Every structure is written in C-alpha cells, then in structure tokens.
Undergrad: 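Next up is a structure, given as structure tokens.
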Amino acid sequence: MDLFSDTLSLAAPILQAPMAGSQGHALAAAVCAAGGLGALPAAMLTPEGLDAEITALRQHTQRPFNVNFFAHTVPQADAARLARWHAALTPYYQALGLDPAAMPQGAGRTPFNAQAAEVIEKHRPAVVSFHFGLPADELLARVKRTGALVWSSATTVDEARWLVQHGVDAVIAQGLEAGGHRGMFLTDDLTTQVGTMALLPQIVAAVNVPVIAAGGVADAAGIRAAQALGASAVQIGTAYLCTPQALTSAIHRTALQSEAARHTALTNLFSGRPARGIVNLVMRELGPMCDAAPAFPLATAAITPLRVAAEAKGSGDFSPLWSGQNASQLQDVSAEVLTQSFIDAWRGQSA
Ligand SMILES: Cc1cc2nc3c(=O)[nH]c(=O)nc-3n(C[C@H](O)[C@H](O)[C@H](O)COP(=O)(O)O)c2cc1C
C-alpha cells in the first residue's frame, strides 16, 4: 500500500511545501486540483484564521491536503540580548524616520498548541506536518487520534531517526538548499547541515518510513534526481512562489526573478532562527547570521517596522526574501500547470 498513491490518492507524489506568510488556501487548492498535495501553513495564523483557511480550502477541493505547524519551544526573553538587538537596529530606525523608543517586542509565531489541536480535531485534514521537531506527546497523540498522517522535517540523519522513534509516518529530508527556515531541532550547529543530494540517500538508508525530498527541487531533472536517490515523494516550495495563487509580495517576486536570486544565505535576522533568503542590505550589513538577534521567534517584532517602512518605498532592504538555492527558472505560470509538469516529470513523461 503506497502512502501517496493509495492512502492520499495523489496522481504522483508531488507535495507543495507549506510556506507561512507566502500562501494560503488558493495555492493549496490549485495544487490539489492538479493531483498533487496542497499544503496550508499555520505558523502565522490565529486558531480562528486557520479555521477560516481550512474552511475556504474545503470549499475549493474535496481532495486530501496537509496542514503545517511549527513545533518550537517558546524561549524566555533575554533582556540583555534584546537590548543588543535593539541597539543594532536603532540606526536603521533613525534612517527611516522611525522612533527607536517604540520598537515592538513579542513573539511573532505561535507553536502548535491546544487551540490548534482543536482546529485539527474539527477539520481532520489527511496530513499534519511539523517543522522544528514535534509537539509534546499529549498534543501529538491528539493529532494522531484524528487519523491524520504525521510528517516532520529532518535536516540530519540523527533528526530523521529521532522523528521515526517518535512515531512519524514519513520524514521530510530538508537539504541545505531549501528556502525558508531550516527545520533543525536537535542541534543549532550549522556545520551539521547537508545538501539534499547527500542527505536524502543517507536518510533513506537510515529509516523505514517513506522519505520526502525537499530543497532545491524545482524542475523535472531535480525530480528525477530525487527519485534516483530513493525519495518516495518531493516537497517543492520556491518554485511555487511566483505563481499567481501565491501571496508573495511584488518586491519578493521581483527579487526572485532577478539576478539577485542567485545569491541566497542562511540568516537569523528576520526571526532568530536560520532561514534561507536572497541576500539584501540588512543581511549584508548585520549578518547574515548575527549574535545580537534574539532567539526564535523573538527577532521578528523589532525588524518588522523597518520592513514595512522600506517596502512602502518600494525597497526589499529589510524584507525576508525567502528563497531556495534553485530559483533559476521561476515562472508566473499557474500552480495547476506547474504541478502538472511536476507530475509528468515524476511519471517519466517529461522531456
Ligand atoms: C517562502 C517560504 C516559506 C516557508 N515556510 C515554511 C513553513 O511555514 N513551514 C514549513 O514546514 N516549511 C516552510 N518552508 C520550507 C519548505 O517546507 C521546504 O523545506 C522548502 O521550500 C524546500 O526547498 P525549495 O524552496 O528549494 O523548494 C518555507 C519555504 C519558503 C521558500
């Protein structure tokens, strides 16, 4: 019994990566309509917002989909580090005419919790996936009791083994090329992070559940390579960012389709955790990795007003321009057409 073709009735195991802040139900619905697995990112939604998004998605598709959550531990605020962070941002506040004394604080993203579990119990999506490990046992048990398949990202072989020991139904092998946040959760040592081509076969050899390849897969050749390395499915993010169904901002789309997209880096400036984005002014000047940035997700609050002010002037200097390392062929074709081309590639029907 194949997880993807039998249990989820997919035309081919093409999974759209959940991308918090860059998409909602419209992209997920288009991918589902084409026969792939659409995903709804919940990390930046309130429980009410998530409920509304799932309801809207169900109005557009009868097919299975994935709802994705972050599973991080909320950190204690470290006053000294926050002060250093605010000091690092103050000159930019002044340059953009903002008041540094009004620099906001607080957490921008909430991990999976009891309220989110209630939404999952109400809607019972076919798949619930996590980034940054898994939630506490009791919360995970609530998800499993709904009958959902549970997946999570691994960035090392150790993380893949840990996830399987904790009961996941499939492991997402997230290679270093991937856009957005590294899903790393057993270590914060960036030297442990491995590219997809090396990570994928090692995880396939180490675990006895299906392995989903993520990171740098953006076209037919990448899909065939993932297949050859033992992937049971591919999860594709960046390639969907310029589709009309994504909510990617105009500034972000322009950057993705420019020469600038050839240079991405891991940066902690926008959230506190390493995430891959196109190198911009603030990454060049303060980072890309910066000791002063507070722990995830506490960095977001203070940098957001800079993003808003700069974007109002048409600049992405302070925006998280998330992108994987393979954004070379981004087109604004519809997500259905793109998904169909990925399905054809998986089936060996592409050129
Ligand atoms: C804009 C953007 C936002 C992302 N947000 C999430 C998210 O909310 N949850 C998650 O599990 N992964 C997220 N990711 C990572 C993807 O799941 C996946 O690992 C990555 O997109 C695969 O690499 P690719 O971008 O090269 O295709 C995001 C990626 C991007 C590009």
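Atoms within each ligand, like the ligands themselves, are counted from 1 in listed order. When a residue number appears, it is its place in the shown sequence, counting from 1. Just so you know, these numbers use all the heavy atoms, side chains as well, and skip hydrogens, waters and symmetry mates. Keep in mind the model is a prediction, meaning the values are calculated, not measured.
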Undergrad: I need the His25 NE2 to Thr55 OG1 distance, nearest 0.5 Å.
TA: 10.5 Å
Undergrad: How close does the nearest protein non-hydrogen atom get to atom 26 (O) of ligand 1, and which residue and atom is it?
TA: Gly216 N, 2.8 Å
Undergrad: I'd like to know whether ligand 1 has Phe70 as a neighbour, heavy-atom separation below 4.0 Å.
TA: yes
Undergrad: Which distance, rounded to the nearest 0.5 Å, do you find between the OG1 of Thr248 and the CG of Leu321?
TA: 11.0 Å
Undergrad: With nothing but distance in play, are any N or O atoms of Gln235 less than 3.5 Å from an N or O of ligand 1?
TA: yes
Undergrad: Tell me, which protein residue and heavy-atom name are nearest atom 4 (C) of ligand 1, and how many Å apart are they?
TA: Met19 CA, 3.4 Å
Undergrad: Would you say Asn326 contacts ligand 1, with heavy atoms under 4.0 Å as the rule?
TA: no
Undergrad: Nearest protein heavy-atom contact for atom 20 (C) of ligand 1: which residue, which atom, what distance?
TA: Gly179 O, 3.7 Å
Undergrad: First locate atom CE of Met283, then atom OG1 of Thr264, and finally report the distance between them rounded to the nearest 0.5 Å.
TA: 7.5 Å
Undergrad: So, the side chain of Gln257 versus the backbone of Leu330: is there a donor-acceptor pair under 3.5 Å, distance only?
TA: yes
Undergrad: If you have a sec, work out which protein heavy atom is nearest atom 18 (C) of ligand 1 and how many Å separate them, to one decimal?
TA: Ala17 CB, 3.9 Å
Undergrad: Is ligand 1 less than 4.0 angstrom away from at least one heavy atom of Ala43?
TA: no
Undergrad: At under 4.0 Å between heavy atoms, which part of Ala20 makes contact with ligand 1: side chain, backbone, both or neither?
TA: both
Undergrad: To check you understand the geometry: which heavy-atom pair defines the closest contact between Glu53 and Gly24, and what is its length?
TA: OE1-CA, 3.2 Å
Undergrad: Thr156 and Asp158: side-chain donor and acceptor closer than 3.5 Å?
TA: no
Undergrad: Only pairs at least two apart or in different chains count here, so list each ring pair (Phe, Tyr, Trp, His ring centres under 6.0 Å) that has a residue in residues 148-174.
TA: Phe4-Trp151, Trp162-His166, Trp162-Phe185
Undergrad: Is there side-chain contact between Met103 and Pro305, with at least one heavy-atom pair below 4.5 Å?
TA: no
Undergrad: Taking C-beta and beyond as the side chain, do Leu266 and Pro288 meet within less than 4.5 Å on heavy atoms?
TA: no
Undergrad: For ligand 1, is there an N or O atom under 3.5 Å from any N or O atom of Ser153?
TA: no
Undergrad: Is there at least one pair of N or O atoms, one from Trp322 and one from ligand 1, spaced under 3.5 Å apart?
TA: no
Undergrad: To the nearest 0.5 Å, how far apart are CZ in Arg273 and NE2 in His72?
TA: 7.5 Å
Undergrad: If we only count N/O pairs under 3.5 Å, is Ala239 in contact with ligand 1?
TA: no
Undergrad: For atom 22 (C) of ligand 1, grab the closest protein heavy atom and report residue, atom and distance to one decimal in Å.
TA: Gly215 N, 3.5 Å
Undergrad: Is there at least one pair of N or O atoms, one from Ala214 and one from ligand 1, spaced under 3.5 Å apart?
TA: no
Undergrad: Do ligand 1 and His131 have nitrogen or oxygen atoms that lie under 3.5 Å from each other?
TA: yes
Undergrad: Please check if the side chain of Gln227 supplies one atom and the backbone of Trp346 the other of a donor-acceptor pair under 3.5 Å.
TA: yes
Undergrad: Polar-atom distance check: Gln174 versus ligand 1, any N or O pair below 3.5 Å?
TA: yes
Undergrad: Consider every N or O of Gly237 and every N or O of ligand 1, then say whether any pair is closer than 3.5 Å.
TA: yes
